[in-house]
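Just below is one structure, and these are the notes that go with it.
Throughout, a chain's letter reflects where its sequence line sits, starting with A, and its residues are numbered from 1.
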Amino acid sequence: MSNGPFGGRTRLSSSVLLVLLLGIAVAVQMPQTVHAQEPTPSDDEVNRIAHQLYCPVCENTPLDVCPTEACRQWRALIRRQLAEGWSESRIQQYFVDQYGARVLAEPPRTGLNWLVYILPPLIILAGVVMLFRSLRAWTVPDSEETQKDAQEKPSASQADALSDTYVARLEDELKKRS
Amino acid sequence: MLAEIGYGILVVAFVTAIYSVAAAAYGDRTRSAGVVESARRAMLLLWPLITLSAATLIYLLVTNHFEVAYVHKVTSRSMPAYLKVTAWWGGQAGSLVFWSWLMSAFASLVALRRWDRDREFLPWVIIVTSVTTAFFLGLVVFVENPFSRYWQTSAGEIVTSMFTPANAAVFYPADGRGLNPLLRHPGMIFHPPMLYLGFVSFVIPFAFAIAALVTGRSDDRWIRLTRRWTLWAWLFLSFGLVLGSRWAYDVLGWGGFWGWDPVEIAALMPWLTGTAFLHSVMIQEKRGLLKQWNMMLIILTYALVIFGTFLTRSGVLSSVHAFAQSAIGPAFFAFIGVTFITSIALLIYRWPELRSETELKSMLSREALFLLNNLLFMSVLVVCFWGVIFPLISELVTGQKVTVGPPFYNRATAPLFASLMLLMGIAPLSAWGISSIRTLGRLMWKSIALALLITAFLFVTYTRNALALIGLFLVAFVLLITLQEFSRAARARMRTQGESFFTALWTLFGRDPRRYGGYIIHISMMLIAIWLLGIGFFQMETQATLSVDDAISLGNYRVKYESIAQFRGPDNRQVTRAVLGIFDSGGTYLGELHPRIDYYADAEQNMTIPGERATLKDDLYVLLIDWQPATATGATFKVFVNPLVNWLWLGSLVFLLGILIAAWPRREAGSAPVRVRRVQRSDGSQSSTTD
Amino acid sequence: MSEKTNTTPARRGVPVWVQVLIWVGLIGLLVILAIGLNRSQRGTLQPGDRVGNFDLTPFSGYEYNSQAQVSLESLRGKVLLINFWASWCKPCEQEAAELRSAWAYYKDRGDVLFVGVDYVDTEPEAREYLKKFDITFPNGPDVGTKISQMFRIKGVPETYFIDRDGILRYVQVGPFSSEGQIRAIIDPLLQ
C-alpha cells in the first residue's frame, strides 16, 4: 500500500518504530554489566567443575572451597570457559596443561601412576587368598555336629531344639564369664 | 628467668627418663629387683616434673611474655585467657611438651599398678615407655624448644636462643602473632588432646607386647593385662577422629567433614589396626589362637602412631593440617628406623614360640569371621597407606607431583566398609557355634526380610540411589540382627530364670559386658553410618549472589537475605555478619541464621563461620562467601542441606555408653543363686536341670 | 606355652623369602622417607649452582626480540634477572615499581635482561597486572610449573640473578625494598 500500514500517521509511527529499533540495537551492543542477577553460567555449575579440581597453590584444598584470591580467579576462569561452551574434560585438560597433574583429584592414568590403582587390589587379593588357604588348612569339622546337621529336617520342633541348644549355650557362656 | 627454669626442669626430666631406661635394662640383666625398682620410681618422677614445666609454659603464655619465641608465635594480647592456655598445644614445640605430659601420665599409671605378678614384664615395660617419653622430651630439649627467647645482638639482629648469646640482651616484642584463627574454636580445645590421648595410650599395650616378646612369654597374659588399656585407647582415638570431623564441619566452612587429607589419614591408620586388634585379641583370649597375628597388629599400631606423628610434623607431606617444616624430621626418621627394625627383628626371632594349634570348627566359625574382619580392616589400611605414600614416590621417581584424593579413597574403601557392615550383622550369630550356611540362614532370614522391607519402603518414599539403598539396607540389617541378639538372649533368660525383660537385660550386661557392650558399640557405629550415608549421598548444595530481600530455595528451605553488617569483634577481628531469614517450603518462618566472615588482622587470615540450623532430620548450613561493601552487587551465599547430621552426635553418645559397658568390671563368680531350671519343649514334655 | 610333642608340626621360623620381603619392604620405605625428607628440607636453588635450561613462551606483546620462545641457554653471556610473580600476590605489587624503573635503567645496555615468570596465574588477570604497573620486560606464564619447580621456589615474589656464565649469584626472597637494591646486585655482575 502506498500509504503504509497505518494510514496517515505512517511517518510518525515509523519514526517511532525506527527510534525504538535503533534503541534496541544500541542496547544489545552495549557491554552487559553484571548486577545482582544470576551470572550465567551459574555458581553451581562452576562449583561442580571446580569441585573436581584442586587448588594449584594451596595444598590438598579443592578449588570450589578454597577462599584465596588466586582460587577466586580460577573459578572466574572456569566461568568464562563454561560461557564459551568448553566441555568439562576440556577445562580439566587446560588446568592440567597449565598447572600440572597436581590439580586433578586423582593421578591421571598414565605411566607410573597405574601403580596407584593396581597395587592395592593386588595386595588385597593376595590377602584374601592367604586367608582362604589358612582357614581351609585350619578347619577341622566337628564330625558329630556335621552329621546331625545333615540329618536335620526343617520343622517346628527343630526350631525349638535349636533354641534349647541356644539357651543351654547362653547359660553356659554367662556362667563361664562370671 | 622462668623460661630457664621451665627448660631446666625438662632437661632434668629427659635425664630421668634416660636413667629409667638404663636402670631397667641393667636391673633386668643383673636380675636386681632393687635397680628395677629405682627405674620404676624414676619413671614415676617424670609426670610431676613435666607438669611443673608445663605449668611454667602456661604461665608464660597467659601473662604475655612475648620475649619467649613460642609465646610470641601462638598468642597475642587480644586473645582471651582460656585460648592462651589451649595455645599450649597450638604450635609444634608446645604440642610436643603436651605429648610428653600425656605420655608420662600414662607411664605413671602403669608404674602404679600392682606388679606382684608378672614382675618379669616390668623392666621391659619401663624401657619401652621411657624410651618413647625420652624421645619426645629429647625433641623438645634439643630441637624444638618452647622456652627459647629472642635476643637482640649488638649488631641489631634478632636471634632465637635458649642461652644468652654474646653481647646480646633480651628482646621484648610488643605483641604476639596470635593463634591461627582456625584453632580458636571450642572444638580445637578437645580434638588434639583426644587424639594425642589415643595415640599415647596405645603405647602401653605395645610396651607389654614387647615385654612378652623379650621375656619369651608366649601366652596371652600380656593381652589380659592390657585389655582395658586397649579399650580406652581405642575410645580416645575414635573420639579424636569424630571430634575432628565435627570440628571441620562446624568451623572450617566447606560443608564437609572428612577430606581424605594425608594428615587425617595418618590419624585414621592406627585406628584401623587398633580396631582389628580389639577384635582379634578376643580370639586369642578364648582359644589361644592368633598369637603371632596379634603381636603383629599391636606393633603395627604403634608403628603407625609414630609414623603418623612423623608425617604430620616433619613437613614431608604438605597438607592444610601440617605443622611448618622443622628439623625434627630427621630425628623422627631415626626413631622410626630404630623402633621398626627392633620390633620386627624381635617378632621374627620369637615367631616359632608364638605358634599355636589353630583349629577351627568351620569356615564360618566365629574365629574365621573375626579373621575376615581383620582382613577387611587391613585392606582399608593398605589403600590408605598406599594413597599417602604414592605422591612421595611419584615425585621422587618422575618428578611429577600428583594428588591422591577423595575419588580414589571413596571408590576403594566403600566396598570394604560395606563388607564390614555385612560382617557386623553375621558375626554375632556365629558366637553360638553355628557352622553351616543353613543354620546361619535360619537365624538371619527374619532380619534380612525386614531389612529388605525397610529398604523397599525407602526406595518408594525417599531415594532411588542404588548405592545409598545398599548402605541403608546394611544399616537396617545390622541394627535388626543386633537387636535380635539382645531380645533372644533376654527372652531365653526370661524363660529359664523367670526374670523380667529388663532384669534379664541387666543380667546380660552384668555378666557379659564385653559382648553386650560391644553390640551397643556396633549399634552406635550404625547410627554414625546413617550420618555418613546422609551427608555422603543426599547432601544438597547451591551457591548464588543475592541482593537484599532475595531468596535461595534448596530442598524444603527458603533462605532470604535480610541484612548485613560489619563490626569489630572481640580479640581484634573484623566481623562481617549476614542476617538470613529461614522459611520452610510452606512459608512458615523458622528462624534466623548468621553466617559470617571473621578477618583476623594479626594473622592476616579469614575464617568463614557457617550459620547452622540443626534438626534430627537435617542441617541447614549457610556460608557467607563474599561481600564487597564498595560495590552494590549483593552478597554471595553457599547453602547446604545436609541430612541426618545429628545422628553423629546420637551415635557418639551411644558409642560412649557401649564402651563404658564393655570396660565395666565384671561381677564376681558365684554370686548367682543355684536354681532348678525347667526347660520347656514344644512337645509339652519338661525336663529339669540344676544350675 | 605349648610343649613340643610328636604330633605337633616342627616349629619353623619365618621362611627366608618372607623375611627378605619384609626387610626389603621396610628398607625401601625408610629410603623413600629419607629422600622425601631430604627434598622437603632443600631450599631454593642456591648461589653457586649452575642453572639448567628452561623455555618460556611469553605472553603476546611481551616477547624478547620478537622470538616466540625465550630459552635460557640462548641468553648465555647476559646478566639475567628472573622474577617470579603472580597477579594474586600482594607483596609482588610492592616491588613492581622498583622492577620497572630498574629495567628502564638497564634495558638499553643489551647485556642485561629481565625475565618475568608468571606463577600459576590466569592470563587476563596477569595482563591487567602488567599493564597496571607498566611492566614491559619479557614476561610469560610458567606452564605446568616446570620453571618454578626447577628453581624450587617456596613462594612469590622471588628473584634470581644469573651471571654471564649461567651461574646463579643471588636469590631475593620477597619484594625488593628499592631500585638501588636491584642495581647493587646487578652492577657487580657486569664487571
Nearest atoms (heavy-atom pairs only) where A:Tyr54 meets B:Gly405:
OH-CA, 4.3 Å
Nearest-0.5 Å distance, [atom1] of residue [X] to [atom2] of residue [Y]:
{"X": "A:Thr110", "Y": "B:Gln400", "atom1": "OG1", "atom2": "CD", "value": "6.0 Å"}
{"X": "A:Asn113", "Y": "B:Thr398", "atom1": "CG", "atom2": "OG1", "value": "6.5 Å"}
{"X": "B:Trp386", "Y": "A:Ile123", "atom1": "CH2", "atom2": "CD1", "value": "7.5 Å"}
{"X": "A:Asp43", "Y": "B:Glu541", "atom1": "CG", "atom2": "CD", "value": "10.5 Å"}
{"X": "B:Ile625", "Y": "A:Arg75", "atom1": "CD1", "atom2": "CZ", "value": "7.5 Å"}
{"X": "B:Leu372", "Y": "A:Leu135", "atom1": "CG", "atom2": "CG", "value": "8.0 Å"}

Examine whether an atom of [X] lies under 4.5 Å from a heavy atom of chain A, and if so say whether it belongs to the side chain, the backbone or both; otherwise answer neither.
{"X": "B:Phe408", "value": "both"}
{"X": "B:Thr636", "value": "side chain"}
{"X": "B:Asp626", "value": "side chain"}
{"X": "B:Arg411", "value": "side chain"}

Per-residue contact mode, [X] against chain B (heavy atom under 4.5 angstrom):
{"X": "A:Val128", "answer": "both"}
{"X": "A:Pro67", "answer": "neither"}
{"X": "A:Arg72", "answer": "side chain"}

In this structure, are over 12 heavy atoms from other groups packed under 6.0 Å from A:Arg133 atom CZ?
no
Counting only heavy atoms not in B:Met540 (residues, nucleotides, ligands), do more than 12 fall under 6.0 Å from its CE?
yes
Name the member of A:Val65, A:Val116, A:Leu115, A:Leu112 that forms the most heavy-atom pairs with chain B at distances under 4.5 Å.
A:Val116
Once salt bridge (Lys or Arg N to Asp or Glu O under 4.0 Å) is applied, what residue pairs with a partner in residues 386-410 of chain B remain, sequence neighbours excluded?
B:Glu395-C:Arg39
B:Thr403 side chain to A:Ala105 main-chain N or O, any donor-acceptor pair under 3.5 Å?
no
Got B:Lys638 and A:Asn47 here, is their nearest side-chain heavy-atom distance under 4.5 Å?
yes
Side chain to side chain, A:Trp138 and B:Leu371, heavy atoms closer than 4.5 Å
yes
With respect to chain A, which residue among B:Ile389, B:Val397, B:Val402 yields the maximal number of heavy-atom pairs within a distance under 4.5 Å?
B:Val402
Using a cut-off of under 4.5 Å on heavy-atom pairs, state which of B:Val404, B:Val382, B:Thr542, B:Leu376 scores highest against chain A.
B:Thr542
